[in-house]
Amino acid sequence: MSVQSASASDRGARSGSRRRASAQAVTVAAVAVLSLLVIAAVAAPWIAPYDPLHQSLGAALQGPSTAHWLGTDDLGRDVLSRLVYGCRIAVIAAAEATSIAVVLGVPLGLFVGYRGGWWDWAVMRLVEAVVSIPGIMVAIVIIAILGTGLHRAMIALGILFSTSFLRLARGVVLTEREEVYVKLARVVGASDRRILLRHIFPNIAPPLIVQVTLTVGAVLLAEAGLSFIGLGVQPPDASWGTMLNTAASYMELNWFLAIPPGIAIVATVLSINLLGDVIRDSIGRGVAVGVKPTTPVARFEAAAPASPESAAPPPRRDDDVLRIEGLQVVVSAKEGGEVPVITDLSLAIARGETLGLVGESGSGKTLTGLSILGLIGAGGRSTHGTITLNGTELRALTERQREQVRGNAVAMVFQDPTTSLNPAFTVGNQIAEVLRAKKGLSRKAAWARTIELIDRVGIPRPAERARAYPHELSGGMAQRVAIARALSCNPALLIADEPTTALDVTVQQEILDLFRDLQDEFGMAILFVTHDLAVAADICDRIAVMYAGEIVEVAPVDTLFATPRHPYTRGLLSAMPHASDRDPPLPTIRGTVPRPGSWPRGCRFSDRCGFRTDACGQRVPLTGTGRLVRCLRAGDPELEAGR
Amino acid sequence: MSDSPLLEIRDLWVTYWQRSGLTLRRRPFHAVKGATLSIAPGETLGLVGESGSGKSSIANAVLGLVPAASGSIRFGDAELSAMKTRYPAAARRQIQAVFQDPFSSLNPSMTVGDIVAEPLRVHTGMSREERRARAAELLKLVSLSEEHLGRHPHQFSGGQRQRVAIAAALALQPRLIVLDEPASALDVSTQNQIINLLYERRDALGIAYLLIAHDLALVHHISDRIAVMYLGHIVEQGPAGRVYSAPAHPYTRALLEAVPLLDPARQRARRAARKAAPAVEAPRDAVSGCPYSNRCPSVMARCRSAMPAAFPVEGGGTASCFLAEDRGRARPAGEPASLAS
């Protein structure tokens, strides 16, 4: 990864790359320590300057010297040589105990997790009993049965640590077996063994790798501990634990004896755990969007200029609550660089007005809502344009000031009420908290207002329901609570992102009616984001259709549905299920929404459009007055006839 | 309807046992309460209802993912409910499924080729090469191509993933595919592409579908017959056109009227009507008598005490509503309501 922060203006980006660089240095160090350990273990006879067992009582307990770099122990044996041979024991110990733990724990965990029932109950109680006793005690008991010695001690540790692998494997099976693909494998008729090995087991790998590294560290410590108390490696063999044992006996005569094995143990265990962290992080990163914000934005600006031909901003109205002009949002791409996801977006919403933002997934409509709140998230930022709320330019605000705006002047309702409410608090609490934090109400006043609000959104027995937890409410009721919370500070603008998509149709209708009623009463402006044009027809005054990061058509609701002008709007309308009463094939728009970064040049809909001409290869502006459309052929008789 | 149905469900009950609180006592929750349905070979039955209506439980019972508490599920000559969840291979081969969520229905650690070939691997003795060739063929059937074989599911869009799921379901040439909300996680245009694909494959291969969905408007395009569920009961069933255009049960009507229209003016008129006669607010809990009686706008005294039987409806099918019985009585003699559908 190259660190080329010279051109980056973003301070956050630079500190981020510094953090990555230092993390990288740590990884390299950890890998180096571990490689050294393995090399020492394999090549001990060649590296070690002396025979680790060779005694020379005349030269006992010496400090470091040129002959003995790390001195000698109580029997005059060379400490460096013993340390190097100790590596061998450490590697054998780690490999032995960890493999026993994996071989024992993983299959058993898979089995009990999948089988469940009595097997699961019995095995898990046993595991809990083992885990509830200090590990070293369990190991000592097992050694008492098996006898002392390195291999027996490692079998003991293997059995002990197999419990954590068992729990891990069982945990993965319990989540995976609820996955739809496991259900499908059962429908297909795959045997239980096949489902476990072929469908579930591969998904266990990432957590398993991390667990292995943690176990290796723990085994090294435990081996040293057991050898120290004389239950592991037996004298005269050299292990770090027995070396520490010796050092302890001669503490007063030569304190230095404890230092080499001590450092060896600390460095090895630390390295292996750090490596485990790195592996875990890298697995996690595979899911998140890779962020590499050091590349300047210039690259795409050349490709998609914040164009001079961009439409004039929407006409100013006296009662505009929100005005967005020329907004452009970019996100970091996995391959590096930044990719535009919203370009040249302008819209305005007046007091008491509902503007629908419709489009397929990937069109950028949700991101538009989030960018008003300044909540685009890691890897994304707005680069151009203005977002004005009641005369305040939101993009110029500091994060602190923005926090004041969120919840107070702008509020949001999300798609899934069961995840947007915190399951740990009562619903009343969550509304009251907003009132106390944003409005500074007293506890009592906030609670009274909360009950009023819950009553206002049409929930029967509000005082009782305020004390309910989110999971005790149905989806519709929970969404009403989320709406009550959003309205608690009487916002000027309410952003509703697919607020009815997760609900049943009959409940959807009730929620849409509620939005209407509340708007009549509170007079807020609503930005209603939805993929469902029929819902938009029900709730909106005006509709903006988005496609591939830009608005392609804006019109009052009746006009849009009566005479859609953009081919994309038409495609969407005719694809709605109730639009046609005929048998399949149902009308479709060919192809799919292109991903950001692979939009066609010129008109972004051109590769899916049936009315494409050569001129469509140029950037197309959003034109018109009153109703706007981004199509060169809007109004063209051929296109109109194609309806 | 053909004389011998492919799938015949009679008085099916599906019960889940829920542990309540910290006690060891478990309470029964009846997800399906005595459902009777049948599907003829090559026929599509749309099963519609809101979340919690029990439609997915019927699907799971047919697929042998949950056992039937009582009642019978006959598939061809085999009685499936007696086998609990261990179906014989012959029945397994002939019933396949496509589920809703295209993001969790494909195993992230397998390639598309392996996913599509998995049923072949389980049920046939095909060699690796034969399976690969067949998988490539299947991908072509769903408008994907051979080059997709080696890719992993995360490299596909939602619509493409659903195509892969359909290809896997077609692999064994089943006679019945259970489609549990196959398109509802997709955008409208993609949704239509999937519906078209299912329709096309059905006509080409003569497969029967049990199509489960919440959207009546979408279901009626592709179904021959529709059954509507409410709280575990099948409250209405009949030919798709009749149920969609002349619903006999008040719940079916409510369901249809709640679907927003593309016409803002008609939508406003509907809202005004709703305001004039507000809907009955009632919990969607089980009540005695007709399950819909606490929300029904035309509820009568007897609805609260007795569960209406399935009465025949003019135009085909049945409705479990006393209004349907009254209408049936009012019909002049010699004009029997047709049960055939």
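No experiment lies behind these values; they were computed from the predicted model shown. The chains referred to below are lettered A, B, ... by the order of the sequence lines, with proteins before strands, and numbering in each begins at 1.
Contact annotation for B/Gln160: neither backbone nor side-chain heavy atoms come within less than 4.5 Å of a heavy atom of chain A. With a 4.5 angstrom heavy-atom cutoff, B/His123 touches chain A only via side-chain atoms. The part of A/Arg194 that comes within reach of chain B is its side chain, from C-beta onward, which places non-hydrogen atoms under 4.5 angstrom from that chain. If you measure heavy-atom distances from B/Arg266 to chain A, you find no contacts under 4.5 Å at all. Looking at A/Gln508, the atoms closer than 4.5 Å to chain B (heavy atoms on both sides) all sit in the side chain, from C-beta outward. Heavy-atom distances place the side chain of B/Ile195, and not its backbone, under 4.5 Å from chain A. The contact between B/Arg268 and chain A is made entirely by side chain atoms (from C-beta outward), counting heavy-atom distances below 4.5 Å. Neither the backbone nor the side chain of A/Asp541 comes within less than 4.5 Å of any heavy atom in chain B. For a residue to count as touching a neighbouring chain, one of its non-hydrogen atoms must lie under 4.5 Å from one of that chain's; by this rule B/Ile95 touches chain A with the backbone only.
Contact tally against chain B (heavy-atom pairs below 4.5 Å) for A/Ala185, A/Gly362, A/Ala190: the top residue is A/Ala190. Chain A forms the most heavy-atom pairs under 4.5 Å with one residue out of B/Ile222, B/Asp263, B/Val122, and that residue is B/Val122. Of the listed residues B/Ala258, B/Gly159, B/Ala89, B/Ala265, the one with more heavy-atom pairs under 4.5 angstrom with chain A than any other is B/Ala258. The choice from B/Asn60, B/Thr190, B/Asn107, B/Asn192 that makes the most heavy-atom pairs within less than 4.5 Å of chain A is B/Asn107. Ranking A/Leu560, A/Asp513, A/Asp517 against chain B, the residue ahead of the rest is A/Asp513, based on heavy-atom pairs under 4.5 Å.
The side-chain tip of B/Arg161 does not point at the ring of B/Phe156 from less than 6.0 angstrom away and within 45° of straight on.
Closest approach of A/Thr530 and A/Lys365 over heavy atoms only: O-CE, 3.5 Å.
A salt bridge does not link A/Arg465 to A/Glu472: none of the charged nitrogens lies less than 4.0 Å from a carboxylate oxygen.
Within a 6.0 Å radius of CZ in A/Phe201, no more than 12 heavy atoms belonging to other residues, nucleotides or ligands are found. Within 6.0 Å of CZ in A/Arg193 there are 12 or fewer heavy atoms belonging to other residues, nucleotides or ligands.
Between the side chains of B/His214 and B/Glu50, no donor-acceptor pair of N or O atoms lies under 3.5 Å. There is no side-chain donor-acceptor pair under 3.5 Å between A/Thr354 and A/Arg542.
The stretch residues 174-196 of chain A participates, sequence neighbours left out, in no ring-ring contact (aromatic ring centres under 6.0 Å, His included) pair at all.
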Identify every side-chain donor-acceptor pair in residues 585-595 of chain A under 3.5 Å, counting partners at least two apart or on other chains, and give the distances.
from, atom 1, to, atom 2, distance (Å)
A/Arg590, NH2, A/Cys609, O, 3.2

